[in-house]
Amino acid sequence: MALDATRVINGSYGEVWCEGVWQTNIQSAEAMIEIDKEEVSRSGTRMKGHKSMGLTATGNIKGYKITSQFIKRIGAIANDRSKPYVTELIFKLNDPESFGAERIRLKGVQFDRIPLSSFEVNSIVEEELPFTFSGFELLDEIKGL
């Protein structure tokens, strides 16, 4: 069976939700978990094996600068009497031509830097927010035929 090109997911329908609010300014989002492995030498073969030893969960959201909300939220850590900002993000893909929608909850999200200020004359201001997270949950999945 040939690939039905109309079923390929269009990223234009991607959404990021933070604290129940759709972040309409987000233009790109990425979350991934790297599998940390160690090489294992094996007797009788030149081929090395690999043993999974841990997981590292990272991500990034990038979008237009609209408000100062992330400076305020993430910046709380700069106050010695405040706790770090920890939240959940929900990534959603919902292309109307696809086989359905996908939603993934990222748990224990902690941002890596405070986006204080950045601009370039005659350009739209964007901010990039790399983060780590401690777990995920597949809320809705896209199922094929």
Side-chain angles (χ1 to χ4, degrees), residues 1-67 69-80 82-118 120 123-145:
M1 179 178 190
L3 170 70
D4 180 354
T6 65
R7 299 297 188 170
V8 175
I9 307 294
N10 180 346
S12 295
Y13 296 97
E15 299 174 7
V16 174
W17 292 73
C18 182
E19 299 186 5
V21 178
W22 178 17
Q23 305 297 300
T24 58
N25 61 312
I26 301 300
Q27 297 300 303
S28 67
E30 175 182 59
M32 67 184 69
I33 297 177
E34 295 285 335
I35 302 169
D36 304 325
K37 300 180 207 168
E38 285 197 28
E39 286 186 355
V40 178
S41 296
R42 300 181 292 172
S43 176
T45 181
R46 290 183 185 100
M47 188 67 67
K48 294 199 185 265
H50 294 87
K51 173 72 175 173
S52 297
M53 299 299 288
L55 303 171
T56 304
T58 61
N60 192 52
I61 56 176
K62 184 176 180 180
Y64 301 125
K65 172 78 171 182
I66 304 292
T67 69
Q69 72 173 324
F70 281 109
I71 294 174
K72 190 173 180 179
R73 290 176 181 170
I74 303 167
I77 197 168
N79 179 341
D80 290 334
S82 292
K83 62 181 184 172
Y85 178 61
V86 180
T87 191
E88 290 186 347
L89 297 176
I90 294 179
F91 283 22
K92 179 180 178 183
L93 283 172
N94 192 17
D95 185 335
E97 290 185 282
S98 71
F99 286 114
E102 178 179 83
R103 286 187 318 133
I104 300 173
R105 174 186 291 136
L106 305 179
K107 302 174 183 181
V109 173
Q110 296 185 62
F111 292 93
D112 297 344
R113 59 183 180 215
I114 304 166
L116 293 178
S117 185
S118 174
E120 185 177 326
S123 294
I124 292 175
V125 176
E126 295 180 340
E127 58 186 7
E128 186 171 354
L129 300 169
F131 59 87
T132 57
F133 59 101
S134 59
F136 75 97
E137 180 182 358
L138 185 60
L139 301 172
D140 297 314
E141 64 180 287
I142 300 171
K143 297 179 181 176
L145 298 170

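Please read all numbers here as calculations on a predicted model, not as lab measurements.
Contact annotation: the side chain of L139 approaches that of E137 to within less than 4.5 Å [non-hydrogen atoms, C-beta and beyond]. I61 is listed as a side-chain neighbour of F111, based on a closest heavy-atom distance under 4.5 Å. F131 places a side-chain heavy atom less than 4.5 Å from the side chain of L106.
Annotation: the span from R105 atom CZ to L89 atom CG amounts to 11.5 Å, rounded to 0.5 Å. To the nearest 0.5 Å, the span separating NZ on K37 from CE on M53 amounts to 13.0 Å. A distance of 9.0 Å separates CD1 of I71 from CD1 of I114, quoted to the nearest 0.5 Å. Atom-to-atom distance recorded for I26:CD1 and Y64:OH is 11.0 Å, nearest 0.5 angstrom. From L55, atom CG reaches atom CD1 of I35 across 6.5 Å, with rounding to the nearest 0.5 Å. Atom OG1 of T56 is separated from atom CD1 of I33 by 9.5 Å, given to the nearest 0.5 angstrom.
The shortest non-hydrogen separation linking P115 to K65 is O-NZ, 4.4 Å. Listed here is the closest heavy atom pair of T87 and C18: OG1-SG, 4.1 Å. Taking both residues in full, the closest heavy atoms of A76 and S82 are given as O-CB, 3.1 Å, listed atom of the first, atom of the second, then distance. Scanning all heavy atoms of the two residues, the minimum distance from K48 to S41 falls at NZ-OG, 3.4 Å. G108 and S134 make their closest contact through CA-OG, 3.5 Å (heavy atoms, listed as atom of the first residue, atom of the second, distance). The heavy-atom pair separating I66 from N25 by the smallest distance is CG1-CB, 3.5 Å.
Residues in residues 90-103 take part in these side chain to side chain donor-acceptor pair (under 3.5 Å) pairs, two or more places apart or across chains: R103-D140.
Using modelled atom types, no side-chain atom of E34 and backbone atom of M32 make a donor-acceptor pair closer than 3.5 Å. With R113 contributing its side chain and P130 its backbone, the two residues share no donor-acceptor pair below 3.5 Å.
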Working for salt bridge (Lys or Arg N to Asp or Glu O under 4.0 Å), residues K51 and E38:
CA-CA 5 Å; K51 173 72 175 173; E38 285 197 28; over 6 Å; no

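With a 6.0 Å radius and a threshold of 12 heavy atoms from other residues, nucleotides or ligands, Y85 has its OH atom above the threshold. Heavy atoms of other residues, nucleotides or ligands lying less than 6.0 angstrom from CG of L138 number more than 12.
Between the side chains of Q23 and Q69, at least one donor-acceptor pair of N or O atoms lies under 3.5 Å.
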